[in-house]
**Q** 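This is the structure I have questions about; it appears just below.
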Amino acid sequence: MSEKGGKGFSASAAKPPKAPSFPPSASSSGLEDGSVKSKKRGRKPKKTPEVQAVRSDAEAVPSPQFGGKGDNLFSKGMLGKGVMGEKTASAPKAPSPKEPIPLVLNVESELPNNTKCLMDSEAAQILEVIQEQMVALSEDPAIKIPVSFDRGLQYSKTNNNYSDPSAVRSVIETLAAHGVSEGEMCVIANVCPETTDEVFALVPSLKGKKIALTKPLNQVLSEVAKLRNTV
Amino acid sequence: MFFHIVLERNMQLHPRYFGRNLRDHLVTKLMKDVEGTCSGRHGFVVAITGIESVGKGLIRDGTGFVTFPVKYQCIVFRPFKGEILEAVVTMVNKMGFFAEAGPVQMFVSNHLIPDDMEFQSGDVPNYTTSDGSVKIQKDSEVRLKIIGTRVDATEIFCIGTIKDDFLGVINDPATI
C-alpha cells in the first residue's frame, strides 16, 4: 500500500496529472497514521520508515537528472510540496467520518475510580475552608497561593447556587436509581435547569431514558429549585 | 467540573529536613509542587484537602535524598466534552469570543454563535441580536457547552458553543 503510494508519489513527480489521485491513500496509510496516531496498530512502525525511504527515493531519483535540468527539478520539488500540502490538507478529513461526534458527557470513563464529582457549591464550601487556612499559611513566604486556586475559588463562588449543598446532593442523588451518572447529576445541579426539556437539551445522554426519567426529574427539579439561593 | 480525587506522588526530600517536622516539610513541599499544576488526565489541581498516607521512605543511591510515596486528596477542576459551564467573557473579536470558567480558558468561534447575532465593532466590541435584546460583550456571563479540549503542560484550553438550545447569555453587565 504505502509502497504503491510511494511509487505513485515518485511517479507523480514525473507525471503531474496522476499526482492528485494517489495522495489520499498515501496520506491515510503513511503520513497521518505514522505521525499522529503512532501506536495504535501494529503496522505503522514499519510504514513510516518506508514512507521516509520512499520520500528520500523520490528526492534521490531526480538528482541524477538534476545536472541538466535545474528548472525541471524545481518544478518537481514544488510539485512534491504541493502533493505534501494536499496530504496534510486531506489528513484532517480522514478521521471525521469515523467520529460521529457524540457529545456525550463521559466523566466516569475518563477519570480514575477513586473520584467524586463535586457540585460547584460543594467545591465552594471546601475551598472556602482551605482559603481560611491559606491565609494563615500565607505568612510563610515559601507558600504561594496558586492562580488556579483563586480562579477556582472565584468560579465556584460565582456559581454557588445553593446554601446547603448536602441537601441538594441528597435530593439529586435520588436520580442515581434511574441510571443517571454522577457527572450528569452534577451538571444538572450546577446548571439549575428549570424544566425537564432544558435538562434533556443540555445533557443529551439522558435523552434515551426520557420517558422513565421525566417524572422523577420533575420532582428533583422542583425540590432543587426550593433549595436554590435567591439572589 | 470539580472533582475530589486521590492522587499519589513520590516526593523527594533532602536529608536536612529529617527530624520532627519531616511530615510538615513533606506536606509543604507537596503543596508547592502540586497545587496549580495541570494535567490532561486530572485537570487543574486547585487545592490539596488532605494527606491519606505517607509511605516508607527509600534512600536514593548516591544522593542521600529520600523518596516518600505520598497519597493525597485534592480538588481538581477539569472540563469535559459535553459539559455545560457558565463562563465569563474576557474578550470579544470578529472571530468569536474568549471566556473563562475558573482556571480554564475557552473560545467560542463565531460559527458557534447563533446566526442571528452579529459582531459589532467599536469601543466595546460585542455580538448583538438584530433587535438588540441580547448582547455578548466583555464580562457577560454565558452558559456554553464544551465541544473540544486541548491540554497543554500548564493549561487547558476549550472550544465551546452557544449555538444550541438553552445556551447563551445568562447575565449581561450592561443591564445591571
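Note that the structure is a prediction, hence the values are computed from the model and not measured. Here is how names work: the chains are called A, B, and so on, in the same order as the sequence lines, proteins then strands, and each is numbered from 1.
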**Q** Could you tell me which residues in residues 70-78 of chain B have at least one non-hydrogen atom under 4.5 Å from a non-hydrogen atom of chain A, sorted by residue number?
**A** B/Ile75, B/Phe77, B/Arg78

**Q** Taking the side chain as everything from C-beta on, heavy atoms only, tell me whether B/Asp165 gets closer than 4.5 Å to A/Glu198.
**A** no

**Q** Please list, in residue-number order, every residue in residues 164-171 of chain A that has a heavy atom less than 4.5 Å from any heavy atom of chain B; write 'none' if there are none.
**A** none

**Q** Would you mind reporting whether A/Pro204 and B/Lys145 have side-chain heavy atoms less than 4.5 Å apart?
**A** yes

**Q** Pick one of side chain, backbone, both or neither for A/Asn159, based on which atoms fall under 4.5 Å of a heavy atom in chain B.
**A** side chain

**Q** Is it the side chain or the backbone of B/Leu85 that comes within 4.5 Å of chain A heavy atoms, both, or neither?
**A** both

**Q** Please round to the nearest 0.5 Å and tell me the distance separating atom CE of B/Met1 and atom CG of A/Asp120.
**A** 8.5 Å

**Q** Can you tell if the side chain of B/Ile5 reaches within under 4.5 Å of the side chain of A/Lys116, non-hydrogen atoms only?
**A** no

**Q** Short question: side chain of B/Arg143, backbone of A/Val191 - any donor-acceptor pair under 3.5 Å?
**A** yes

**Q** Does anything in residues 38-45 of chain B get under 4.5 Å of chain A by heavy atoms, and if so which residues?
**A** B/Arg41, B/His42, B/Phe44, B/Val45

**Q** Determine whether B/Thr49 and A/Ile130 make a side-chain contact, defined as any pair of heavy atoms from C-beta on separated by less than 4.5 Å.
**A** yes

**Q** If you count heavy atoms of other groups shown closer than 6.0 angstrom to CD of B/Glu155, is the number above 12?
**A** yes

**Q** Would a 4.5 Å heavy-atom cut-off, applied to side chains only, mark B/Phe2 and A/Leu127 as touching?
**A** yes

**Q** Which members of residues 93-112 of chain B, sorted by number, sit under 4.5 angstrom from chain A on a heavy-atom basis?
**A** B/Glu100, B/Ala101, B/Gly102, B/Pro103, B/Gln105

**Q** Compare every heavy atom of B/Glu86 with every heavy atom of A/Asn190, then report the nearest pair and how far apart it is.
**A** O-OE2, 4.4 Å

**Q** Considering only heavy atoms and a distance below 4.5 Å, find which of A/Pro193, A/Ser156, A/Cys117 pairs most often with chain B.
**A** A/Cys117

